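Below you'll find the structure, written out as structure tokens, and then a few comments.
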Amino acid sequence: MAKSYSKIQKMIAKLQAEAVPARAREITAVIERIRVAVGHYGLTADDIFGKTRANPAAPTQPETGRAAKRKAPKAKVKAKSAKSAKSAKAAKPANPPKYGDSAGHTWTGNGQRPGWFKEALANGKTADDLLINP
């Protein structure tokens, strides 16, 4: 005869109650082995974990079944987001202005020519005339 749901649940509860002290014993043994190895080799936390430590709030018990499949670790790919790309561009030092006019307009000489610069050239000025420090 098949076991009922309630009997299975009781068995699960009993096994979980047995698992808690078994896990505690295993953890104690593992920690002791780690301490011996750390002492023997003179290791530091940085040697073991690197400069940035892993997430200390990681689950203490492994997931099983469907939960494990849903939470399976995915390959981490570092892609530059648009925001990080913009901040990298913003971090560059600004070029000092190379050209200017009497109205206070300036231009570094990089990129498209601004309207005031084109207009000045159309009115007979030369690029050398507009240099700030000739």
Side-chain angles (χ1 to χ4, degrees):
M1 182 164 108
K3 295 179 183 176
S4 69
Y5 176 77
S6 63
K7 284 187 179 181
I8 293 172
Q9 289 298 320
K10 286 180 185 177
M11 289 172 52
I12 290 171
K14 181 182 174 189
L15 289 172
Q16 284 180 332
E18 290 176 22
V20 170
R23 182 175 186 277
R25 284 189 305 273
E26 287 181 21
I27 287 173
T28 301
V30 167
I31 290 172
E32 183 57 33
R33 288 194 307 269
I34 291 170
R35 285 182 177 156
V36 168
V38 165
H40 178 75
Y41 293 103
L43 301 173
T44 66
D46 284 346
D47 294 333
I48 296 168
F49 298 108
K51 296 291 179 195
T52 57
R53 298 184 113 189
N55 181 3
T60 55
Q61 292 184 352
E63 298 280 348
T64 58
R66 289 185 183 177
K69 290 179 184 174
R70 281 194 311 264
K71 295 182 180 180
K74 295 179 182 176
K76 292 184 179 180
V77 177
K78 278 197 168 182
K80 287 189 176 182
S81 66
K83 188 175 184 179
S84 67
K86 285 181 183 177
S87 65
K89 288 182 182 177
K92 290 182 181 178
N95 290 337
K98 186 175 180 180
Y99 300 97
D101 67 0
S102 59
H105 298 111
T106 60
W107 178 47
T108 61
N110 295 325
Q112 289 186 347
R113 291 179 172 181
W116 67 265
F117 190 86
K118 292 178 188 176
E119 188 177 321
L121 294 177
N123 290 333
K125 297 233 179 199
T126 64
D128 289 337
D129 295 334
L130 297 170
L131 280 172
I132 292 175
N133 293 320

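None of the values given here were measured: they were computed from a predicted structure. Residue numbers start at 1 and run along the sequence shown.
- Judged by distance alone, with hydrogens and angles left aside, the side-chain atoms of D129 form a donor-acceptor pair with the main-chain N or O of T126 at under 3.5 Å.
- In this structure, E18 places its CD atom where more than 12 heavy-atom neighbours from other residues, nucleotides or ligands lie under 6.0 Å away.
- The distance from atom CZ of R23 to atom CD of Q16, rounded to the nearest 0.5 Å, is 13.0 Å.
- There is no path of hydrophobic side-chain contacts, each under 4.5 Å, that joins I48 to I31.
- A chain of hydrophobic side-chain contacts below 4.5 Å, direct or via other Ile, Leu, Val, Met, Phe, Trp or Tyr residues, connects L43 to F49.
- I27 and V20 sit in two unconnected hydrophobic clusters of ILVMFWY residues. Membership requires side-chain heavy atoms under 4.5 Å apart, directly or through other members.
- S4 pairs by the side chain to side chain donor-acceptor pair (under 3.5 Å) definition with S6, not counting sequence neighbours.
- Pairing each heavy atom of Q112 with each of W107, the nearest pair is O-NE1, 3.4 Å.
- With sequence neighbours excluded, the residues that form a side chain to side chain donor-acceptor pair (under 3.5 Å) with D47 are T44.
- Neither V36 nor I34 shares a network with the other; the hydrophobic side chains, linked directly or stepwise wherever heavy atoms of I, L, V, M, F, W or Y lie under 4.5 Å apart, form separate groups for each.
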Show, in sequence, the C-alpha distance, side-chain angles and deciding distance for K118 and L121, and conclude whether the side chain to side chain contact (heavy atoms under 4.5 Å, CB included) test is met.
CA-CA 5 Å; K118 292 178 188 176; L121 294 177; 5.8 Å; no
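- A distance of 11.5 Å separates NZ in K125 from CZ in F117, rounded to the nearest 0.5 Å.
- Going from atom OH of Y99 over to atom CD1 of I132 covers 10.0 Å, rounded to the nearest 0.5 Å.
- Listed by chain and residue number, H105 satisfy the ring-ring contact (aromatic ring centres under 6.0 Å, His included) test with W116 (two or more places apart in sequence, or in another chain).
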